[in-house]
2 protein chains.
Amino acid sequence: MTATASQLSPLLTKPVTAADRLLVEMQRAIVEGEISAGSKMSEPELARRFQVSRAPLREALARLERCHLVERTPNTGARVVQLSTTGLVALYQIREELEGLACRLAAEQMPEQEIRALQQLLDQHLTSQRVREGESYYQEAGDLDFHYRVILGSNNPYLINMLCDELYFLVRMYRVQLGMNGPRVSRAFDEHKAILAAIANRDGELADLLMRRHISASRRNIELQLQQVGK
Amino acid sequence: MTATASQLSPLLTKPVTAADRLLVEMQRAIVEGEISAGSKMSEPELARRFQVSRAPLREALARLERCHLVERTPNTGARVVQLSTTGLVALYQIREELEGLACRLAAEQMPEQEIRALQQLLDQHLTSQRVREGESYYQEAGDLDFHYRVILGSNNPYLINMLCDELYFLVRMYRVQLGMNGPRVSRAFDEHKAILAAIANRDGELADLLMRRHISASRRNIELQLQQVGK
DNA sequence: TCATCAAATATTGTCGACAATTTGGGGTGA
DNA sequence: TCACCCCAAATTGTCGACAATATTTGATGA
């Protein structure tokens, strides 16, 4: 097995084909709610909107299904997923397990140099004006950056693919659409530091545990918000 | 989130579209080595071979990528994956984690009736002539059947999708192409019984542990075979 | 008024052709 | 002989049109 970079989400690899570009545009549109949850994704309509033919559009839709942002039914088309508490719980069960594993593997084999880079990253975020001021975008970006690097540190292509390409878009969709920019930010920051410390100490077991807790706390946080919105 | 049946592998849902049929045919062909590992998947060639146009073929190729049976590169096409020890280890790391989780969830919430059905299934396999005679096909089928049912028992759509639709084809590919029909069968059988007992006792923690061990043993078994073949 | 069915409409799935890109081969020069 | 470049052939990506399937509409009857 070659250590291929993930093909699904051109976050690292630049989008080269029209379907690639469509994918990133639609991913963003869905995550940010521009295309609202539960709505139908009409192929003719989207083709007009994005000025492409249906071929690359359908390719992009197939990949959107892969990252769980839409659901397709044969001969009826695609529909944006609906957010729900049960869905969130199911998603985070997986995420907890996989990202705990990723964190353990990262602790075991992440190069020292990458660990130092991660420490610098956290310091930067801590001292950054914009993080302190609590701009939602930078919070989100910083959090994602940390998690992505840890996941990449696992060095397991399947794990990286599943987390970054298949699960994280939906995770972000929950966060963005529920406006998660509350007071958990600073606490999450401390948790990141603790996790990184465990990684730096090559304590895989602890790193695993801390990451699971971190994600579990995040889940409870979103769950709460979801119930608030629901009523 | 609706509890949609998995779209990717029409194991349960009948293949309705041409791309569906193509997918199952090509999955089988790759898993069984009829299309050999590492070989190029030429679109014109496959289109002739299966008597379809390139549109459904490309759709099927996209889904084959999703279950990790092929790797695609923009503007260059698809290639069947190569089997390797590192790939196997990476795959089983995930499988262990996810299937352990599935087993725990199954222990917690699988309906009594399904548990009894699983017990009957194991008894059937035990007394079945063909299993005792060790026909490779029935061993494989029986093992898969057990694992699939436990996974379905988790009742987590993401988990089910990832394991059944994205990981298991590759698992089978390793097993089939390495001719795994050795003496581990009877031991695996006992392990299945122990796992099921834990599930029946609603002991999620134990069920998790036993499943992980079971998969880990399976991995070591294949790993051994892979090294034999390699030299 | 409501249910049922049928035709009309719209949407998805598939096809063949063209455009864009990569691959392979032959020639040129050092 | 080898490296490089350029052109030809093949392959992948995209397009518009048609076929097959779903959905809507409207008419009919109870």
Side-chain angles (χ1 to χ4, degrees), chain A residues 2 4-10 13-27 29-30 35-36 38-66 69-82, chain B residues 2 4-10 13-27 29-30 35-36 38-66 69-82:
Chain A
T2 62
T4 68
S6 64
Q7 296 303 335
L8 181 55
S9 84
T13 69
K14 296 232 182 305
V16 35
T17 182
D20 290 344
R21 286 186 295 273
L22 265 178
L23 177 64
V24 297
E25 285 202 64
M26 292 170 83
Q27 279 174 332
I30 293 176
I35 303 178
S36 63
S39 66
K40 177 119 204 307
M41 306 267 295
S42 160
E43 292 183 9
E45 181 191 328
L46 292 170
R48 275 198 310 277
R49 169 170 172 179
F50 292 108
Q51 297 293 319
V52 291
S53 91
R54 284 175 52 224
L57 179 71
R58 284 171 62 83
E59 168 93 30
L61 282 175
R63 298 200 225 168
L64 282 177
E65 182 185 25
R66 183 165 157 187
L69 291 183
V70 312
E71 289 166 354
R72 297 173 88 191
T73 325
N75 287 319
T76 37
R79 198 167 266 287
V80 181
V81 293
Q82 205 96 41
Chain B
T2 62
T4 67
S6 64
Q7 296 303 335
L8 180 56
S9 84
T13 70
K14 295 232 182 304
V16 35
T17 182
D20 289 344
R21 287 186 294 275
L22 265 178
L23 177 64
V24 297
E25 285 201 63
M26 292 171 85
Q27 280 175 332
I30 292 176
I35 302 178
S36 63
S39 66
K40 177 120 205 307
M41 307 267 297
S42 159
E43 292 183 9
E45 180 191 329
L46 291 170
R48 276 197 310 275
R49 169 169 172 180
F50 291 108
Q51 296 294 318
V52 291
S53 91
R54 283 175 53 223
L57 179 70
R58 284 172 62 84
E59 167 93 31
L61 282 175
R63 298 200 225 169
L64 281 177
E65 181 185 26
R66 183 164 157 187
L69 290 183
V70 312
E71 289 166 354
R72 298 174 88 190
T73 325
N75 287 318
T76 44
R79 199 168 264 289
V80 181
V81 294
Q82 205 97 42

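Numbered from 1 within each chain, the chains take letters A, B, ... in sequence-line order. What you see is a predicted model, and the numbers here were worked out from it, not measured in a lab.
Under the salt bridge (charged side-chain N to carboxylate O under 4.0 Å, His left out) criterion, B:E25 pairs with no residue at all, not counting sequence neighbours. Take B:A55 and apply the side chain to side chain contact (heavy atoms under 4.5 Å, CB included) test, not counting sequence neighbours, and it matches B:S53. In this structure, A:R79 has no side-chain hydrogen bond (donor to acceptor under 3.5 Å, both in side chains) partners at least two apart in sequence or on a different chain. Qualifying side chain to side chain contact (heavy atoms under 4.5 Å, CB included) partners for A:S39, counting only residues two or more places apart in sequence or in other chains: A:I35, A:S36, A:V80. Residues satisfying the side chain to side chain contact (heavy atoms under 4.5 Å, CB included) criterion with B:A47, sequence neighbours excluded, are B:R54, B:L57. Taking B:R49 as the reference, B:E34 meet the salt bridge (charged side-chain N to carboxylate O under 4.0 Å, His left out) condition, with sequence neighbours excluded. The side chain to side chain contact (heavy atoms under 4.5 Å, CB included) check on B:T76 picks up B:T73, with sequence neighbours excluded.
Distance check: A:R58 CZ to A:L64 CG gives 13.0 Å after rounding to the nearest 0.5 Å. One distance of note links CZ of B:R21 with CG of B:L23; it measures 12.0 Å at 0.5 Å rounding.
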Can you check side-chain contact (heavy atoms from CB on, under 4.5 Å) on A:E59 and A:T17, steps first, answer last? CA-CA 11 Å; A:E59 168 93 30; A:T17 182; over 6 Å; no
Please list, for nucleotides 5-7 of chain D, all pairs of protein and nucleotide N/O atoms separated by less than 3.5 Å.
none

Every protein N/O within reach of nucleotides 14-18 of chain D N/O, cut-off under 3.5 Å:
residue, atom, partner, partner atom, Å
D:dT14, OP1, A:T17, OG1, 2.5
D:dT14, OP1, A:A18, N, 2.4
D:dT14, OP2, A:T17, OG1, 3.1
D:dC15, OP2, A:S53, N, 2.8
D:dC15, OP2, A:S53, OG, 3.0

Show me the protein contacts with nucleotides 19-25 of chain D, counting only N or O atoms at under 3.5 Å.
residue, atom, partner, partner atom, Å
D:dT21, O3', A:N75, ND2, 3.3

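The side chain of B:K40 places no N or O atom within less than 4.0 Å of a non-bridging phosphate oxygen (OP1 or OP2) of C:dT22.
We find that A:D20 and A:R63 are joined by a salt bridge, their nearest charged nitrogen and carboxylate oxygen being less than 4.0 Å apart.
In this structure, B:R79 places its CZ atom 10 Å from P of C:dT23, rounding to the nearest Å. In this structure, A:E65 atom CD and C:dT12 atom P are separated by 14 Å, rounded to whole Å. One interatomic measurement links the two molecules: CD of A:E45 to C1' of C:dA10, which rounds to 13 Å at whole-angstrom precision. Atom CG of A:L61 and atom P of C:dT11 are 14 Å apart (whole Å).
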